Amino acid sequence: MPSELADWRAMDVDIWAWVADTQRQLHEAGNTGLAIALGDLPAQAFEGRYAQLDVMAPAVAQQAGSLELPWLELFARYWHLLSRIGDRAQGAAALGDAQALLEFARREDTKDCPSVPAAVEALAVAQANTDGPGYARERLAALGAALDGVRPDSPAYCGLVAQYVAALSDAGETEQAVTYYESAVAARRGADGQVSWELAAAGVRALLGAGRAMEALTELDSAKEFPADDPVAKDHREGVLRALVLATVGRHPQALEALPDLDVVGEHPRDWVEWARAVRLLGEVISNTWQLGRVLREWMAYFETMGVHRGRVELALIAGELAVARQGIWQARALADLAESWLGELRVTDGLPERIAELRASADAAVPLPAPGPQDELVAYFDAADGHNADPERWVGWLWPVSGTDLEATRRHTTTLGFLGYAPLGADILWKTIVEDADPAAAEDQDVAYLTGVLIEAGQDERLERFAGLLPPAAAHLALARMHRARERWTETAAEAERSLDSGAQGATALEARRLLAGAVQQLGDNAKGAAILRELVESDAGEEEDVWRMIVMATAAEDWDLVRKGAAKLGMPIESSEGPIEEEWHLVRVVLPVSDGSRREVLSVRTGPATARLLIPQPRGMDYNAGDIVVIDPRPLEPVPDNPEEQESYVIPFAGVSLLRPGGYTSWFFDGAAPSESDWAEFNEVLAERGWPMWVYSDDNYTVTHPGTGERLQGVYGWIAVPPGVEAVQLDALLDDATERWTHPLAWLDLARTAGIEIERHERITKEYGL
């Protein structure tokens, strides 16, 4: 541990200055990867790179713990938590981690870290996400204590105040919230500090809650240029809040113009409730359709998973009111039932039972739309309806009177319920029809599949297991295999699929069982077995083209080249060689490969066979793959090929990488420095190309280095060179030395020099002088 880290204990340390200094010290201590990751964590959170952050942040925290760097561990854990409780709006799902972070922040070795107030704020946010009014008093106590030790000019001030104002509003003290906001803003400005947009937004919401909508609009207008703590999210968050304020004051056309589209706000759960409130006020001018209802139901399901207890109740009530307005009476009643069932998760329910009763009364008073035909002809009308323009919400209402009595109507009704997000309702109806009112052992395969799928979608695994116990063995095991596959339990999936086949599965049951078995054993790493299972389908002509492709992928991973050739022949795909590995030169492709930090990386490659590609681009050290590696690809393109012939000429198709088939053994070496002239660079590329040593520049036009004499900024360049097996470090060092010796500014390859043991001090000097 660098000794300086232990000395930074002043509360007035700016967190970003601390980050910069910590990065420098980590670089000097040889922890370059950790230094880079430290700087990238906030960007990952703000830019929504959550898959990457969910892997990277815990890894950084773990490494910081191993190096006994508690401030760094706190920093990594905080940004990970912020990404969860911020834009992703996790509630109860994150409460435990938020509490643990605060306890960690209060330890003796972390209590003076500038991130400590942020831990208090984070717990308050998680509590607000879960049940704002229910946790209001706890939030006020904790935030008030934290604010007692924070000056108005502190970087932590605006965030803590914003949460305190929100907690006052949630406690019903709206006028006090406005007063506190105004005094805090005055104190901030008196300390020559900028008011954050997020703090101003909290003030706007407090004014709205106090019934002072015009003042809220004025405040929002004045805050438009305020700097945001989350600059990436500012535009759409401001748009949602502006739409709500404008709708509240009756300026509906302006509100509609300000309201972000669904495809924008749909990616930001934090804004869903506020967006829905604005939409409810704009009910007469928006497109109030079944699609809107389906989206709101999806949002409720997400909130249910994340423990956003009050948010899902609020969405249910708003969605119910919108459903009544478009005469979706059954949906309004279902949403009232859902809202009521969720009240038990709330600490405070003041006013909610009354709102639920009002929703039920509105639904009872609404006049249902007449069905398009007689009840005994509704199935025919349903089947004849235009699938693109038909309203599934209305069809659910029309089919309800006959669902449960007419099997064909029940099938259509329950699958449509599931499509709209009400799978449990469909499960109840199908269960009664197939299990309670009939003999499930005699049910048609189609109905068994319907009920199985609906139970899986509804998350009713125990009920599905009961259902399986009533079926013939082959169908029972297939139903269980479907359930395990949906839950990604691959060992259990394989076992149940195999039992289904052993029980004498026939026809469609046997076909699906084989596919499930093949997919499960592939997930378990036995590609040879998976390919052999699919081979039986392919050779018997019972399978489809997709089965052939899946067999080819598995056979490729198992290096069963004879089977790959048989599959290619089945598809009419010519292969030049007749035996051994297929290593041809087909065409350029983009292979999308996973990175250890959770992200994805596109690598330009050449396709060498039906399901293989050779990577062409050098990768940084520490990656699981490099130039020269042969990888298995999924032959299904990740994007459609453009229709335009001109675009097709330059289009390179992307494929998902499945696994590494054979490493090329290449080693990558990093270079960095000031960019040379165009002629020098062209000559440099030519020298490397003559030897077949791949090189790739990773820097962009924004990358600059420092002129050691004048201090001016110079265009910089950095990247990686990959050399094949047998090429020693001294050979590459000699080539680079010859190729760059006449450049105006030298290039540095410090790691290579250290390995080769040649001119290490020179490269260290270049690195320091040019600020590399």
Side-chain angles (χ1 to χ4, degrees), residues 481-482 485-486 488 490 493-494 497 501 507-594 600 602-603 605-615 625 629-642 648 651-662:
R482 288 169 173 159
R485 188 268 311 273
E488 297 186 356
W490 304 116
T493 303
L501 293 169
T509 300
L511 182 62
E512 185 176 356
R514 288 190 185 280
R515 287 171 174 160
L516 288 173
L517 178 57
V521 298
Q522 180 189 26
Q523 291 289 337
L524 293 169
D526 195 343
N527 285 285
K529 182 177 180 180
I533 293 167
L534 290 177
R535 178 176 185 169
E536 296 180 38
L537 293 182
V538 172
E539 292 183 342
S540 66
D541 289 327
E544 301 173 357
E545 182 176 316
E546 184 176 349
D547 295 309
V548 182
W549 276 117
R550 291 179 65 202
M551 181 193 74
I552 286 175
V553 171
M554 294 183 200
T556 299
E559 298 200 67
D560 186 345
W561 301 110
D562 289 340
L563 188 53
V564 174
R565 286 184 172 85
K566 288 180 180 179
K570 194 81 174 178
L571 296 171
M573 179 179 292
I575 303 294
E576 293 181 4
S577 59
S578 59
E579 60 182 18
I582 301 173
E583 296 179 355
E584 301 178 3
E585 300 286 320
W586 285 15
H587 53 85
L588 290 177
V589 295
R590 291 179 285 155
V591 177
V592 181
L593 292 161
R600 291 284 187 270
E602 282 191 4
V603 182
S605 310
V606 61
R607 192 171 180 181
T608 59
T612 53
R614 184 176 68 254
L615 307 185
Y625 46 86
D629 290 353
I630 303 295
V631 297
V632 181
I633 61 172
D634 185 333
R636 294 172 297 184
L638 294 174
E639 299 172 1
V641 177
Q648 289 177 11
Y651 183 73
V652 180
I653 303 173
F655 295 99
V658 176
S659 61
L660 175 64
L661 181 65
R662 194 179 310 113

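Residues take their numbers from the sequence shown, with the count starting at 1. Only a predicted model underlies this, so the values are computations on that prediction, with no experimental measurement involved.
Side-chain atoms of Arg590 and Ile653, non-hydrogen and from C-beta on, never get closer than 4.5 Å to each other. Between Glu584 and Ile575 there is a side-chain heavy-atom pair separated by less than 4.5 Å. Side-chain contact between Leu615 and Val631 is present, with at least one heavy-atom pair separated by less than 4.5 Å. With a 4.5 Å cut-off on side-chain heavy atoms, Asp526 and Met554 do not count as touching. The shortest distance between side-chain heavy atoms of Tyr625 and Leu593 falls below 4.5 Å. Looking at Glu512 and Arg482, their side chains come closer than 4.5 Å, going by heavy atoms from C-beta outward. Contact of the Leu571 side chain with the Trp549 side chain is registered, since non-hydrogen atoms from C-beta on lie closer than 4.5 Å.
Looking at Arg485, its side chain never comes within 3.5 Å of a backbone N or O of Thr493 through a donor-acceptor pair. With hydrogens and angles disregarded, no donor-acceptor distance shorter than 3.5 Å links the side chain of Thr509 to the backbone of Gly507. Glu583 places no side-chain N or O within donor-acceptor distance of the main-chain N or O of Thr608, the cut-off being under 3.5 Å.
Atom-to-atom distance recorded for Leu537:CG and Glu539:CD is 10.0 Å, nearest 0.5 angstrom. Separation of atoms CG (Asn527) and CZ (Arg550) is listed at 11.5 Å; rounding is to 0.5 Å. How far CH2 of Trp490 is from CD of Gln523: 4.5 Å, rounded to the nearest 0.5 Å. Here the CG atom belonging to Asp634 is positioned 11.0 Å from the OG atom belonging to Ser659, to the nearest 0.5 angstrom. Taking CZ of Arg514 as the reference point, atom OG of Ser540 lies at 8.0 Å (rounded to 0.5 Å). Distance check, rounded to the nearest 0.5 Å: CZ of Phe655 to CG of Leu638 gives 8.0 Å.
Atom CD of Glu579 is surrounded by 12 or fewer heavy atoms from other residues, nucleotides or ligands within 6.0 Å.
Minimum heavy-atom separation, Gly567 to Met551: CA-CE, 3.7 Å. When every heavy atom of Val553 is checked against every heavy atom of Pro635, the shortest pair comes out as CG2-CD, 3.3 Å. Contact between Val564 and Pro610 at its shortest, heavy atoms only, is CG1-CG, 4.1 Å. Minimum heavy-atom separation, Ala497 to Leu516: CB-CB, 4.2 Å. Between Ala510 and Leu501, the shortest heavy-atom distance links the atoms O-CD2, 3.8 Å. Contact between Ile633 and Val658 at its shortest, heavy atoms only, is C-CG2, 3.7 Å.
Between Asp629 and Arg662, no side-chain nitrogen of the basic residue sits less than 4.0 Å from a carboxylate oxygen of the acidic one, so the salt-bridge criterion is not met. In summary, Glu546 and Arg636 engage in a salt bridge, as defined by a charged side-chain N under 4.0 Å from a carboxylate O. Look at Asp560 and Lys566 and you find no salt bridge, because none of the NZ, NE, NH1 or NH2 atoms lies under 4.0 Å from a carboxylate O.
Partner of Asp547 under the side-chain hydrogen bond (donor to acceptor under 3.5 Å, both in side chains) criterion, out of Lys570, Arg535, Arg515: Arg515 alone.
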Could you give me the CA-CA distance, side-chain angles and deciding distance for Arg614 and Glu585, then say whether salt bridge (charged side-chain N to carboxylate O under 4.0 Å, His left out) is met? CA-CA 9 Å; Arg614 184 176 68 254; Glu585 300 286 320; 3.0 Å; yes

Show your reasoning for whether side-chain hydrogen bond (donor to acceptor under 3.5 Å, both in side chains) applies to Arg565 and Ser578. CA-CA 8 Å; Arg565 286 184 172 85; Ser578 59; over 6 Å; no

